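Some notes on the structure that comes next.
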Amino acid sequence: MNPKTKRRVVSGIQASGRLHIGNYIGAISLWADNQDQFENFLFVADLHALTVPEDVRPAELRSRVEDIFALYIACGIDPKRTTLFVQSEVPEHAELGWLLTCVTPVSWLERMTQYKAKGADKVSAGAGLLCYPALQAADIVLYDADVVPVGDDQLQHIEITREIARRFNALFGDTLTIPDQMIRSSGSRIMGLDQPTAKMSKSLAEQRPGHAIGLLDSSDAVRKAIMRAVTDSRPAVDFATDLAPGVDNLLVIYEALTGGDRATSATTFDGAGYGTLKKAVVEVVNDKLADIQARYAEITGDRRELTRLLDTGSEHARALAGNKLAQCRRATGLRR
Ligand code: ATP
Ligand code: MG
């Protein structure tokens, strides 16, 4: 095991599109708020972005990886307290991914919701899309992670990571740490503004304007998207009845960004027209994005420093990853 100074947190975001407010609330803000409590490893998952190859545009992928890296920092991830890196620059992920693919029953992979949603019905679906959870398990166990902060859609992936790690340990001896998840009690599943019954997602945002609030969207685009968000035909927020999913979603976003809860929302918004609620949400979202975007402009304005941070993070990650991979190689009987 790699020596730890504190309990260790590992997580990542796929470079499959532009980051949205759901990624910020569900995952990034949770990491940012807990940096002192843990030893942190956060990465941009570019290998995972290749699992739907039809959607890959190489030049765009390359710049998107740097954008996400800079956005992590702009959202409050501190490269001094967190090892920030790019997955493909630590080749140990891919090698351990193979070792774990070999111990993962296909039947476990076939039942994954994400596989079913993104490709099970396509004849051309790549094997990478099916095997993705084994690579994700490698991402996590490579650093002996104790805790993985995620949004609620990733719980099934953390569960399969535990199963794969247990199976590896059962076959080859106790080598891998079994991780727990960390999840927000509210805000772990921000819904699409245009369809509040489906999770806000990067891939859908590429195809549907008005679906997501991008972290780099202009204040005008944010206002338009929120003012057009689907609610229901009632005129005002009534906390005594079941709230429409779209209204609940707006309140969850408001509460997450203001640190409030449902009781404070009820005091502020009971009886308010939907227009009033939406304007309040526009204001808190635009305030938050203005901070993030100002910091983002600073970071991307200094490319040399950004490259230095990318290099240092990957080097540090490699040192740990190399130790763990060596243990796994020994356990499985590979020569060195
Ligand atoms: P994709 O559509 O490509 O799968 P995504 O938006 O689902 O993109 P991921 O890279 O799969 O983003 O996930 C990154 C992190 O953000 C994960 O921890 C995930 O649980 C979290 N997350 C993603 N979408 C949401 C959401 N709508 N609400 C809260 N958390 C989310
Ligand atoms: Mg996803």
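Bear in mind that the values here come from a model prediction, so they are computed numbers and not experimental data. In each ligand, atom 1 is the first atom listed, and ligand 1 is the first ligand listed.
- Atom 20 (O) of ligand 1 has its nearest heavy-atom neighbour, among Ile13, Val150, Asp153, in Asp153.
- At the top of the distance list for atom 13 (O) of ligand 1, counting protein heavy atoms only, stands Asn23 ND2, 4.1 Å.
- Among protein heavy atoms, the minimum distance from atom 15 (C) of ligand 1 is reached at Ala27 CB, 3.8 Å.
- At a cut-off of 3.5 Å, with distance as the only test, a side-chain donor of Asp139 or His48 sits close to an acceptor on the other residue.
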N/O donor to acceptor pairs below 3.5 angstrom from side-chain atoms of residues 277-286, sequence neighbours left out:
residue, atom, partner, partner atom, Å
Lys278, NZ, Met227, O, 3.0
Lys278, NZ, Ala229, O, 2.8
Asn286, ND2, Ser219, O, 3.3

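- Protein heavy atom closest to atom 31 (C) of ligand 1, with residue, atom name and distance, is Gly22 O, 3.6 Å.
- Every atom of ligand 1 is numbered from 1 in the order shown, and the set under 4.0 Å from a heavy atom of Ser16 is 1 (P), 3 (O), 8 (O).
- With Arg64 contributing its side chain and Ala15 its backbone, the two residues share a donor-acceptor pair below 3.5 Å.
- Considering backbone and side-chain N/O of Asp152, none are found under 3.5 Å from N/O of ligand 1.
- Around atom CZ of Arg162, more than 12 heavy atoms belonging to other residues, nucleotides or ligands sit under 6.0 Å away.
- Of the possible polar contacts, one joining the Asp270 side chain to the Phe239 backbone as a donor-acceptor pair under 3.5 Å is found.
- Of the heavy atoms in Ser11, none comes closer than 4.0 Å to ligand 1.
- For a threshold of 3.5 Å applied to N or O pairs, the pair formed by Ile190 and ligand 1 contains at least one separation below that value.
- Considering only non-hydrogen protein atoms, atom 25 (C) of ligand 1 sits nearest to Lys199 NZ, 3.7 Å.
- In terms of protein heavy-atom proximity, atom 11 (O) of ligand 1 is closest to Gln14 NE2, 3.3 Å.
- Among all protein heavy atoms, the one lying closest to atom 17 (C) of ligand 1 is Gln154 CG, 3.8 Å.
- Panel note: side chain Gln87, backbone Asp46; a donor-acceptor pair is recorded below 3.5 Å.
- Less than 4.0 angstrom separates some heavy atom of Lys118 from each of these atoms of ligand 1: 1 (P), 3 (O), 4 (O).
- Within the 4.0 Å heavy-atom shell around ligand 1 one does not find His48.
- Among all protein heavy atoms, the one lying closest to atom 2 (O) of ligand 1 is Ser203 OG, 2.4 Å.
- Of the N and O atoms on the side chains of Ser265 and Glu255, at least one donor lies less than 3.5 Å from an acceptor on the other residue.
- Counting heavy atoms of neighbouring residues, nucleotides and ligands inside a 6.0 Å radius, atom CZ of Arg208 exceeds 12 of them.
- Considering Ala198, Ser188, Gly151 only, the shortest heavy-atom separation from atom 29 (C) of ligand 1 involves Ser188.
- Heavy-atom proximity to atom 12 (O) of ligand 1, evaluated over Lys202, Arg18, Met191, Met200, is greatest for Lys202.
- Between the side chains of Gln136 and Gln154, a donor-acceptor pair is found at a separation under 3.5 Å.
- Nearest protein neighbour of atom 6 (O) of ligand 1, counting heavy atoms only, is His20 NE2, 2.8 Å.
- Under 3.5 Å, the side chains of Thr241 and Arg234 contain a donor-acceptor pair of N or O atoms.
- Ring pair Tyr143/Phe38: centre-to-centre distance not below 6.0 Å.
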